[in-house]
Peer 1: 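Structure provided below as structure tokens; questions to follow.
Start at 1 and go down the list; that is how both ligands and their atoms are numbered.
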Amino acid sequence: MIKKCLFPAAGYGTRFLPATKSMPKEMMPVVNKPLIEYGVDEAIHAGMTDMCIVTGRGKHAIMDHFDMNFELEQQIAGTKKEELLGDIRGLMNSANFTYIRQREMKGLGHAILTGKPLVGDNPFAVVLADDLCVNGDQGVLAQMSALYNQFRCTIVAVQEVPESETHKYGVISGEMIKDNIYRVDDMVEKPDPGSAPSNLAIIGRYIMTPDIFDLIEETEPGKGGEIQITDALLKQAKTGCVLAYKFKGERFDCGSVEGYIDAINYCYENVYNK
Ligand code: UTP
């Protein structure tokens with residue numbers, strides 16, 4: 001069983017400036033909950049108990065969110081408003097939260113490597129909280145965790161995107177070995193228009209085996225001087241096995257204004273108060 005879930009949450013969130021100038025992108029609310037709370041909820045529903053969060057400068061609000069606020073608790077104790085804290089109290093009681101700081105923003109691969117002391121020598125999930133995924137009772141992480149129990153290797157979640165969008169993602173190619181499951185043979189980070197190996201784009205949900213850490217350590221900085229997780233995953237695919245899973249459910253790119261608005265509308269209709 002996968003018990004640990006890593007949340008790389010140190011990025012600057014430049015696409016959402018000025019909102020993210022002093023507020024972590026992961027704390028942007030979708031209806032009445034911050035993005036990262038949806039990710040933690042999804043991980044807990046998938047049976048995970050250790051939330052390992054990679055933070056950076058200006059990210060204190062994330063730690064405060066998953067901690068007691070004594071003054072507030074005292075103020076609303078015994079009133080009707082207390083029930084508004086029910087969900088977050090439930091999450092806090094269901095998981096351990098640990099934090100580590102990424103001192104320099106050297107990319108997602110580097111952020112994941114920074115989380116190594118929290119994750120240890122265990123397989124682990126990775127959630128990019130700005131990708132909000134919703135699928136009723138069986139969330140995307142629960143689907144992937146079940147697959148991991150069957151295949152015991154690294155798994156990336158993929159989604160079909162229009163060709164005009166592939167340049168925004170890591171894109172895989174591979175042979176379909178079962179319904180919605182591909183064995184990855186190639187992976188390109190943000191391919192130039194017209195050169196993507198397929199329309200299957202990697203989104204912000206992964207299960208990784210711990211040998212990924214050595215592979216990241218060997219990875220030279222790629223596009224934009226950042227250590228790309230895609231490069232390390234490609235090495236893993238070439239030397240071992242990486243699966244891509246076309247998940248069931250809705251996914252919203254809340255790092256973009258359009259995706260964020262779509263997420264709010266969808267969650268207000270389908271998730272809020274349900
Ligand atoms: P993004 O590519 O979305 O970057 O990172 P970003 O900084 O968050 O947002 P933009 O593009 O500037 O608007 C994907 C994920 O990786 C994390 C981010 O927090 C996000 O969850 N990340 C990225 C890190 O933790 N550290 C990094 O150095 C880079």
Peer 1: Side chains of T49 and N96: do they bring a donor and an acceptor to under 3.5 Å?
Peer 2: no
Peer 1: Considering only heavy atoms of M105, which atoms of ligand 1 have at least one such atom less than 4.0 Å away?
Peer 2: 28 (O)
Peer 1: With respect to G13, determine whether any N or O atom, backbone or side chain, lies less than 3.5 Å from an N or O atom of ligand 1.
Peer 2: yes
Peer 1: Mind checking whether F252 and L35 have side chains closer than 4.5 Å, heavy atoms only?
Peer 2: no
Peer 1: Donor-acceptor check, side chain of Q159 to backbone of I203, threshold 3.5 angstrom: yes or no?
Peer 2: no
Peer 1: Using the rule side-chain hydrogen bond (donor to acceptor under 3.5 Å, both in side chains), only one of E189, K235, K190 pairs with T230; which is it?
Peer 2: E189
Peer 1: Judging by distance only, is a nitrogen or oxygen of Y12 under 3.5 angstrom from one on ligand 1?
Peer 2: yes
Peer 1: In this structure, are over 12 heavy atoms from other groups packed under 6.0 Å from Q138 atom CD?
Peer 2: yes
Peer 1: Is the centre of the F97 ring less than 6.0 Å from the centre of the F7 ring?
Peer 2: no
Peer 1: Taking only residues at least two apart or on different chains, which pairs with a member in residues 199-210 satisfy side-chain hydrogen bond (donor to acceptor under 3.5 Å, both in side chains)?
Peer 2: E42-R205, T154-T209, T209-D211, T209-Q236
Peer 1: Once you restrict to heavy atoms under 4.0 Å, what part of A9 touches ligand 1? Side chain, backbone, both or neither.
Peer 2: backbone
Peer 1: Mark up the atoms of ligand 1 that fall under 4.0 Å of a heavy atom belonging to A111, in ascending order.
Peer 2: 24 (C), 25 (O), 26 (N)
Peer 1: Just need the protein heavy atom nearest to atom 4 (O) of ligand 1, so name the residue and atom and give the distance.
Peer 2: K25 NZ, 4.3 Å
Peer 1: Considering only heavy atoms of K106, which atoms of ligand 1 have at least one such atom less than 4.0 Å away?
Peer 2: 28 (O)
Peer 1: Suppose I only count heavy atoms of E26 and a 4.0 Å limit; which atoms of ligand 1 are within that range?
Peer 2: 19 (O)
Peer 1: List the closest protein heavy-atom neighbour of atom 18 (C) of ligand 1: residue, atom name, distance to the nearest 0.1 Å.
Peer 2: G11 N, 3.6 Å
Peer 1: Measure the distance from atom 11 (O) of ligand 1 to every protein heavy atom, then report the residue, atom name and distance (to 0.1 Å) of the closest one.
Peer 2: R15 NE, 3.1 Å
Peer 1: Out of all atoms in ligand 1, which are within 4.0 Å of some heavy atom of L108? Include the element for each.
Peer 2: 16 (O), 29 (C)
Peer 1: If you apply the rule ring pair (Phe, Tyr, Trp, His ring centres under 6.0 Å), what do you find for Y245 with Y148, and how did you get there?
Peer 2: CA-CA 11 Å; Y245 170 57; Y148 175 80; over 10 Å; no
Peer 1: With heavy atoms under 4.0 Å as the rule, classify the contact between H110 and ligand 1 as side chain, backbone, both or neither.
Peer 2: neither
Peer 1: With a 3.5 Å distance limit and no angle check, can you tell me whether K81 reaches the backbone of I76 through a side-chain donor-acceptor pair?
Peer 2: no
Peer 1: So, does Y182 use its side chain to make a donor-acceptor pair with the main chain of V242 at under 3.5 Å?
Peer 2: no
Peer 1: Does only the side chain of D130 get under 4.0 Å from ligand 1, or the backbone, or both, or neither? Count heavy atoms.
Peer 2: side chain
Peer 1: Nearest non-hydrogen contact with atom 29 (C) of ligand 1 belongs to which option: G39, P24, G107?
Peer 2: G107
Peer 1: List the closest protein heavy-atom neighbour of atom 12 (O) of ligand 1: residue, atom name, distance to the nearest 0.1 Å.
Peer 2: T14 OG1, 2.4 Å
Peer 1: Specify the protein heavy atom at minimum distance from atom 25 (O) of ligand 1: its residue, its atom name, and the distance to 0.1 Å.
Peer 2: A10 N, 2.9 Å
Peer 1: Nearest protein heavy atom to atom 26 (N) of ligand 1, by residue and atom, and its distance?
Peer 2: Q102 OE1, 2.7 Å
Peer 1: Out of curiosity, does M51 fall in the hydrophobic cluster containing I112 (side-chain heavy atoms, cut-off under 4.5 Å, transitive links)?
Peer 2: no
Peer 1: With distance as the sole criterion, is a donor-acceptor pair present between the side chains of E250 and Y266 under 3.5 Å?
Peer 2: no
Peer 1: Starting from atom 17 (C) of ligand 1, locate the nearest protein heavy atom and write down its residue, its atom name and how far away it is, to 0.1 Å.
Peer 2: P8 O, 3.7 Å
Peer 1: Give me the residue, atom name and distance of the protein heavy atom closest to atom 14 (C) of ligand 1.
Peer 2: L128 CD1, 4.1 Å
